[in-house]
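Report on one structure; see the data block that follows.
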Amino acid sequence: MTAQRIDGKSLAAQCRAELAERVAALRARGRPPALAVVLVGDDPASQIYVRNKISACAQAGIESQHHRFDADLRESELLARIHALNRDDSVHGILVQLPLPAHIHAQRVIEAISPRKDVDGFHVANAGALLVGQPGFRPCTPLGCMRMLEHIGLRDLRGRHAVVVGRSNIVGKPMALMLLERNATVTIAHSGTPDLAQTCRQADVLVAAVGRPRIIGAGMIKPGAAVIDVGINRLPDGSLCGDVDFEAASEVAAWITPVPGGVGPMTIAMLLSNTVQACEQV
Ligand code: NDP
(Lines give C-alpha, C1' and ligand atoms only; values in the text may rest on other atoms or scores of the structure.)
Protein backbone atom coordinates (compact mmCIF):
# COMPACT_ATOMS: atom_id res chain seq x y z
CA MET A 1 0.00 0.00 0.00
CA THR A 2 1.20 3.51 -0.70
CA ALA A 3 -0.33 6.00 1.69
CA GLN A 4 -2.18 9.07 0.49
CA ARG A 5 -0.63 12.27 1.71
CA ILE A 6 -2.82 14.58 3.78
CA ASP A 7 -1.75 17.96 2.45
CA GLY A 8 -1.87 20.32 5.43
CA LYS A 9 -0.83 23.29 3.33
CA SER A 10 -3.77 23.09 0.94
CA LEU A 11 -6.25 22.14 3.66
CA ALA A 12 -5.06 25.13 5.70
CA ALA A 13 -5.57 27.38 2.66
CA GLN A 14 -9.12 26.02 2.38
CA CYS A 15 -9.75 26.75 6.09
CA ARG A 16 -8.42 30.30 5.65
CA ALA A 17 -10.66 30.83 2.63
CA GLU A 18 -13.65 29.74 4.75
CA LEU A 19 -12.61 32.25 7.42
CA ALA A 20 -12.36 35.12 4.92
CA GLU A 21 -16.13 35.64 4.84
CA ARG A 22 -16.39 35.79 8.62
CA VAL A 23 -13.48 38.24 8.77
CA ALA A 24 -15.12 40.42 6.10
CA ALA A 25 -18.41 40.44 8.06
CA LEU A 26 -16.64 41.51 11.25
CA ARG A 27 -14.71 44.21 9.41
CA ALA A 28 -17.94 45.48 7.84
CA ARG A 29 -19.30 45.90 11.39
CA GLY A 30 -16.21 47.98 12.24
CA ARG A 31 -14.73 45.28 14.41
CA PRO A 32 -11.63 43.78 12.77
CA PRO A 33 -10.44 40.68 14.63
CA ALA A 34 -7.09 41.27 16.31
CA LEU A 35 -4.47 38.98 17.82
CA ALA A 36 -1.72 40.09 20.22
CA VAL A 37 1.38 37.90 20.08
CA VAL A 38 3.77 38.12 23.01
CA LEU A 39 7.37 36.96 22.63
CA VAL A 40 9.92 37.04 25.44
CA GLY A 41 13.58 36.46 24.59
CA ASP A 42 15.32 35.66 21.34
CA ASP A 43 14.84 31.93 20.78
CA PRO A 44 15.32 31.61 16.98
CA ALA A 45 12.61 28.96 16.50
CA SER A 46 10.11 31.06 18.49
CA GLN A 47 10.96 34.09 16.36
CA ILE A 48 10.15 32.12 13.21
CA TYR A 49 6.87 30.82 14.68
CA VAL A 50 5.82 34.33 15.70
CA ARG A 51 6.73 35.75 12.29
CA ASN A 52 4.67 33.05 10.58
CA LYS A 53 1.67 33.67 12.81
CA ILE A 54 1.79 37.42 12.23
CA SER A 55 2.08 37.06 8.47
CA ALA A 56 -0.78 34.52 8.46
CA CYS A 57 -2.92 37.10 10.30
CA ALA A 58 -2.09 39.77 7.71
CA GLN A 59 -3.03 37.44 4.85
CA ALA A 60 -6.35 36.62 6.53
CA GLY A 61 -7.28 40.26 7.20
CA ILE A 62 -6.75 39.81 10.94
CA GLU A 63 -4.99 42.63 12.76
CA SER A 64 -1.98 41.68 14.82
CA GLN A 65 0.22 43.24 17.46
CA HIS A 66 3.70 41.99 18.21
CA HIS A 67 4.80 42.55 21.82
CA ARG A 68 8.45 41.65 22.08
CA PHE A 69 10.46 41.71 25.29
CA ASP A 70 14.04 40.97 26.33
CA ALA A 71 14.80 37.61 27.92
CA ASP A 72 15.39 39.21 31.33
CA LEU A 73 11.84 40.65 31.55
CA ARG A 74 10.45 40.24 35.07
CA GLU A 75 7.46 37.96 35.43
CA SER A 76 5.51 40.70 37.19
CA GLU A 77 6.05 43.01 34.21
CA LEU A 78 4.86 40.35 31.81
CA LEU A 79 1.75 39.73 33.93
CA ALA A 80 1.04 43.48 33.93
CA ARG A 81 1.25 43.53 30.11
CA ILE A 82 -1.11 40.57 29.86
CA HIS A 83 -3.61 42.30 32.17
CA ALA A 84 -3.43 45.41 29.98
CA LEU A 85 -4.13 43.30 26.87
CA ASN A 86 -7.07 41.67 28.68
CA ARG A 87 -8.55 45.15 29.22
CA ASP A 88 -7.92 46.30 25.65
CA ASP A 89 -11.21 45.92 23.74
CA SER A 90 -9.46 46.14 20.38
CA VAL A 91 -7.59 42.86 21.14
CA HIS A 92 -9.61 39.65 20.83
CA GLY A 93 -6.92 37.00 21.13
CA ILE A 94 -3.73 36.83 23.19
CA LEU A 95 -0.98 34.34 22.46
CA VAL A 96 2.15 34.01 24.56
CA GLN A 97 4.80 32.18 22.55
CA LEU A 98 6.26 29.25 24.48
CA PRO A 99 8.76 28.37 25.80
CA LEU A 100 9.21 31.30 28.17
CA PRO A 101 12.59 31.95 29.85
CA ALA A 102 13.17 29.63 32.83
CA HIS A 103 12.67 32.38 35.48
CA ILE A 104 9.07 32.92 34.31
CA HIS A 105 6.39 30.50 35.45
CA ALA A 106 4.66 29.67 32.15
CA GLN A 107 1.45 28.30 33.62
CA ARG A 108 1.05 31.42 35.81
CA VAL A 109 1.33 33.58 32.69
CA ILE A 110 -1.19 31.43 30.80
CA GLU A 111 -3.63 31.65 33.71
CA ALA A 112 -3.33 35.47 33.59
CA ILE A 113 -4.81 35.53 30.07
CA SER A 114 -8.56 36.06 30.05
CA PRO A 115 -10.13 32.70 29.05
CA ARG A 116 -12.22 34.66 26.50
CA LYS A 117 -8.99 35.76 24.77
CA ASP A 118 -7.06 32.51 25.27
CA VAL A 119 -6.99 31.53 21.58
CA ASP A 120 -4.28 28.92 22.26
CA GLY A 121 -6.75 27.10 24.50
CA PHE A 122 -4.15 26.48 27.22
CA HIS A 123 -5.91 28.27 30.11
CA VAL A 124 -7.21 25.88 32.74
CA ALA A 125 -10.77 27.12 32.07
CA ASN A 126 -10.54 26.09 28.43
CA ALA A 127 -8.70 22.85 29.24
CA GLY A 128 -11.47 22.07 31.75
CA ALA A 129 -14.16 22.91 29.19
CA LEU A 130 -12.64 20.35 26.82
CA LEU A 131 -12.54 17.77 29.60
CA VAL A 132 -16.24 18.13 30.41
CA GLY A 133 -17.38 18.65 26.81
CA GLN A 134 -18.34 22.33 27.13
CA PRO A 135 -17.69 25.02 24.50
CA GLY A 136 -14.39 26.85 24.78
CA PHE A 137 -11.19 27.40 22.86
CA ARG A 138 -9.56 24.14 21.84
CA PRO A 139 -5.76 23.98 21.47
CA CYS A 140 -4.82 24.71 17.87
CA THR A 141 -2.59 21.72 17.08
CA PRO A 142 -5.02 18.97 18.13
CA LEU A 143 -7.85 20.95 16.56
CA GLY A 144 -5.92 21.01 13.28
CA CYS A 145 -5.30 17.25 13.53
CA MET A 146 -9.02 16.63 14.00
CA ARG A 147 -9.76 18.73 10.91
CA MET A 148 -7.31 16.59 8.95
CA LEU A 149 -9.05 13.41 10.10
CA GLU A 150 -12.44 14.89 9.12
CA HIS A 151 -11.01 15.76 5.73
CA ILE A 152 -10.24 12.09 5.04
CA GLY A 153 -13.70 11.03 6.18
CA LEU A 154 -12.81 10.09 9.76
CA ARG A 155 -15.37 12.18 11.61
CA ASP A 156 -17.00 9.61 13.87
CA LEU A 157 -14.31 7.29 15.19
CA ARG A 158 -16.63 4.78 16.86
CA GLY A 159 -15.12 1.30 16.60
CA ARG A 160 -11.66 2.71 15.88
CA HIS A 161 -8.63 2.62 18.14
CA ALA A 162 -6.60 5.82 18.32
CA VAL A 163 -3.13 5.87 19.87
CA VAL A 164 -1.56 9.20 20.82
CA VAL A 165 2.17 9.09 21.52
CA GLY A 166 2.99 12.00 23.84
CA ARG A 167 1.08 13.45 26.79
CA SER A 168 1.93 17.15 26.90
CA ASN A 169 -0.75 19.58 28.04
CA ILE A 170 -0.64 21.40 24.71
CA VAL A 171 -0.77 18.47 22.29
CA GLY A 172 -0.99 14.89 23.58
CA LYS A 173 -3.61 15.20 26.33
CA PRO A 174 -6.06 17.51 24.49
CA MET A 175 -5.62 15.39 21.36
CA ALA A 176 -6.62 12.28 23.29
CA LEU A 177 -9.71 14.04 24.69
CA MET A 178 -10.78 15.26 21.26
CA LEU A 179 -10.45 11.75 19.83
CA LEU A 180 -12.50 10.45 22.75
CA GLU A 181 -15.15 13.10 22.03
CA ARG A 182 -15.40 11.56 18.53
CA ASN A 183 -16.00 8.11 20.07
CA ALA A 184 -12.58 6.57 19.43
CA THR A 185 -11.12 4.09 21.88
CA VAL A 186 -8.04 6.00 22.99
CA THR A 187 -4.63 4.96 24.30
CA ILE A 188 -2.04 7.51 25.38
CA ALA A 189 1.56 6.34 25.16
CA HIS A 190 4.57 8.12 26.64
CA SER A 191 8.17 7.53 27.66
CA GLY A 192 7.05 4.98 30.27
CA THR A 193 5.04 2.84 27.84
CA PRO A 194 6.65 -0.62 27.95
CA ASP A 195 6.26 -1.74 24.32
CA LEU A 196 5.67 1.32 22.19
CA ALA A 197 5.80 -0.62 18.90
CA GLN A 198 3.15 -3.10 20.01
CA THR A 199 0.93 -0.26 21.30
CA CYS A 200 1.27 1.74 18.08
CA ARG A 201 0.53 -1.31 15.91
CA GLN A 202 -3.00 -1.39 17.36
CA ALA A 203 -3.79 2.09 16.09
CA ASP A 204 -6.30 2.75 13.34
CA VAL A 205 -5.41 6.40 13.98
CA LEU A 206 -1.86 7.06 15.16
CA VAL A 207 -0.86 10.52 16.37
CA ALA A 208 2.82 11.10 17.09
CA ALA A 209 3.65 14.10 19.30
CA VAL A 210 7.01 13.19 20.77
CA GLY A 211 9.75 15.40 19.35
CA ARG A 212 12.15 12.57 18.43
CA PRO A 213 13.14 12.27 14.77
CA ARG A 214 11.58 9.21 13.09
CA ILE A 215 10.90 7.38 16.34
CA ILE A 216 7.88 5.77 14.66
CA GLY A 217 9.04 3.27 12.07
CA ALA A 218 7.08 1.25 9.51
CA GLY A 219 6.98 -1.79 11.80
CA MET A 220 5.00 0.22 14.38
CA ILE A 221 2.14 1.01 12.02
CA LYS A 222 -1.00 -1.01 11.44
CA PRO A 223 -1.61 -1.57 7.73
CA GLY A 224 -4.25 0.92 6.56
CA ALA A 225 -3.84 3.29 9.51
CA ALA A 226 -4.18 7.07 9.36
CA VAL A 227 -0.92 8.56 10.67
CA ILE A 228 -0.79 12.14 11.93
CA ASP A 229 2.74 13.38 12.58
CA VAL A 230 2.83 16.37 14.92
CA GLY A 231 6.58 16.24 15.58
CA ILE A 232 8.89 18.92 14.22
CA ASN A 233 12.55 17.99 14.54
CA ARG A 234 15.56 19.76 13.10
CA LEU A 235 18.25 17.43 11.79
CA PRO A 236 21.99 18.25 11.94
CA ASP A 237 21.92 19.24 8.24
CA GLY A 238 19.29 21.88 9.07
CA SER A 239 16.38 20.09 7.43
CA LEU A 240 13.11 19.30 9.24
CA CYS A 241 11.59 15.91 9.85
CA GLY A 242 8.73 14.50 11.86
CA ASP A 243 8.47 11.79 14.51
CA VAL A 244 7.45 9.30 11.82
CA ASP A 245 9.74 7.74 9.24
CA PHE A 246 7.65 9.17 6.40
CA GLU A 247 9.01 7.13 3.48
CA ALA A 248 8.85 3.77 5.25
CA ALA A 249 5.52 4.47 6.95
CA SER A 250 4.01 5.48 3.61
CA GLU A 251 4.37 1.85 2.51
CA VAL A 252 2.11 0.65 5.34
CA ALA A 253 -0.34 3.42 6.25
CA ALA A 254 -3.38 4.45 4.21
CA TRP A 255 -3.05 8.12 5.08
CA ILE A 256 -0.09 10.13 6.36
CA THR A 257 0.77 13.77 7.04
CA PRO A 258 4.13 15.11 5.81
CA VAL A 259 6.59 17.25 7.82
CA PRO A 260 6.84 20.06 6.90
CA GLY A 261 3.53 20.87 5.21
CA GLY A 262 1.27 18.78 7.43
CA VAL A 263 0.11 19.64 10.95
CA GLY A 264 2.14 22.90 11.12
CA PRO A 265 0.06 24.95 8.65
CA MET A 266 -3.14 23.55 10.16
CA THR A 267 -2.07 24.75 13.62
CA ILE A 268 -1.76 28.30 12.29
CA ALA A 269 -5.10 28.07 10.46
CA MET A 270 -6.79 26.99 13.71
CA LEU A 271 -5.18 29.91 15.56
CA LEU A 272 -6.76 32.27 13.03
CA SER A 273 -10.06 30.45 13.41
CA ASN A 274 -9.97 30.76 17.21
CA THR A 275 -9.13 34.47 16.92
CA VAL A 276 -12.10 35.07 14.63
CA GLN A 277 -14.31 33.10 17.03
CA ALA A 278 -13.04 35.22 19.95
CA CYS A 279 -13.96 38.39 18.06
CA GLU A 280 -17.40 37.05 17.11
CA GLN A 281 -18.11 36.20 20.74
CA VAL A 282 -17.47 39.71 22.06
P1 NDP B 1 6.83 17.54 24.98
O2 NDP B 1 8.31 17.42 25.04
O3 NDP B 1 6.13 18.40 25.95
O4 NDP B 1 6.20 16.07 25.10
C5 NDP B 1 6.76 14.98 24.46
C6 NDP B 1 6.03 13.73 24.85
O7 NDP B 1 6.68 12.63 24.20
C8 NDP B 1 6.08 13.44 26.35
O9 NDP B 1 4.80 13.07 26.80
C10 NDP B 1 7.08 12.29 26.46
O11 NDP B 1 6.75 11.35 27.48
C12 NDP B 1 6.90 11.59 25.14
N13 NDP B 1 8.09 10.83 24.80
C14 NDP B 1 9.38 11.25 24.83
N15 NDP B 1 10.20 10.24 24.47
C16 NDP B 1 9.42 9.17 24.23
C17 NDP B 1 9.68 7.83 23.85
N18 NDP B 1 10.93 7.42 23.62
N19 NDP B 1 8.64 7.00 23.70
C20 NDP B 1 7.38 7.41 23.91
N21 NDP B 1 7.05 8.67 24.28
C22 NDP B 1 8.08 9.53 24.44
O23 NDP B 1 6.51 17.95 23.48
P24 NDP B 1 5.24 18.69 22.82
O25 NDP B 1 4.00 17.92 23.06
O26 NDP B 1 5.27 20.13 23.14
O27 NDP B 1 5.66 18.56 21.29
C28 NDP B 1 5.86 17.31 20.67
C29 NDP B 1 6.38 17.52 19.27
O30 NDP B 1 5.40 18.20 18.52
C31 NDP B 1 7.64 18.39 19.17
O32 NDP B 1 8.42 17.93 18.09
C33 NDP B 1 7.10 19.76 18.85
O34 NDP B 1 8.03 20.56 18.14
C35 NDP B 1 5.95 19.38 17.96
N36 NDP B 1 4.89 20.40 17.91
C37 NDP B 1 4.41 20.70 16.68
C38 NDP B 1 3.40 21.59 16.54
C39 NDP B 1 2.89 21.86 15.17
O40 NDP B 1 2.23 22.86 14.96
N41 NDP B 1 3.13 20.98 14.20
C42 NDP B 1 2.83 22.30 17.69
C43 NDP B 1 3.34 21.84 18.96
C44 NDP B 1 4.35 20.93 19.05
P45 NDP B 1 6.82 11.73 29.06
O46 NDP B 1 5.60 12.58 29.31
O47 NDP B 1 6.75 10.40 29.72
O48 NDP B 1 8.11 12.47 29.25
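Ligands are counted one by one from 1 in listed order, and the atoms in each one are counted from 1 as well. Any value given below was found using the heavy atoms of this structure, including those in side chains, with hydrogens, waters and symmetry copies removed.
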* Test log, rule side chain to side chain contact (heavy atoms under 4.5 Å, CB included), inputs Leu26 and Glu280 -> CA-CA 7 Å; Leu26 287 162; Glu280 287 170 340; 3.8 Å; yes

Between Thr275 and His92, do the side chains contain a donor N or O and an acceptor N or O under 3.5 Å apart? no

Distance-only polar pair, side chains of His67 and Gln65, donor-acceptor under 3.5 Å: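 Yes.
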
Return the closest protein heavy atom for [atom] as residue, atom name and distance.
atom	value
atom 11 (O) of ligand 1	Ser191 N, 3.2 Å
atom 19 (N) of ligand 1	Leu196 CD2, 3.8 Å
atom 42 (C) of ligand 1	Thr141 OG1, 3.2 Å

Sorted by chain and number, sequence neighbours left out, side chain to side chain donor-acceptor pair (under 3.5 Å) with Arg81 holds for none

Measure [X] to ligand 1 on non-hydrogen atoms and call it side chain, backbone, both or neither using the 4.0 Å cut-off.
X	value
Val171	side chain
Arg212	side chain
Ile170	side chain

Q.
Is atom 24 (P) of ligand 1 touching the protein, meaning some protein heavy atom lies under 4.0 Å away?
A. yes

Cluster membership besides Val132, Ile/Leu/Val/Met/Phe/Trp/Tyr side chains within less than 4.5 angstrom, sorted by chain and number, is none

Determine whether any heavy atom of [X] lies closer than 4.0 Å to an atom of ligand 1.
X	answer
Gly264	yes
Thr193	no
Ala189	no

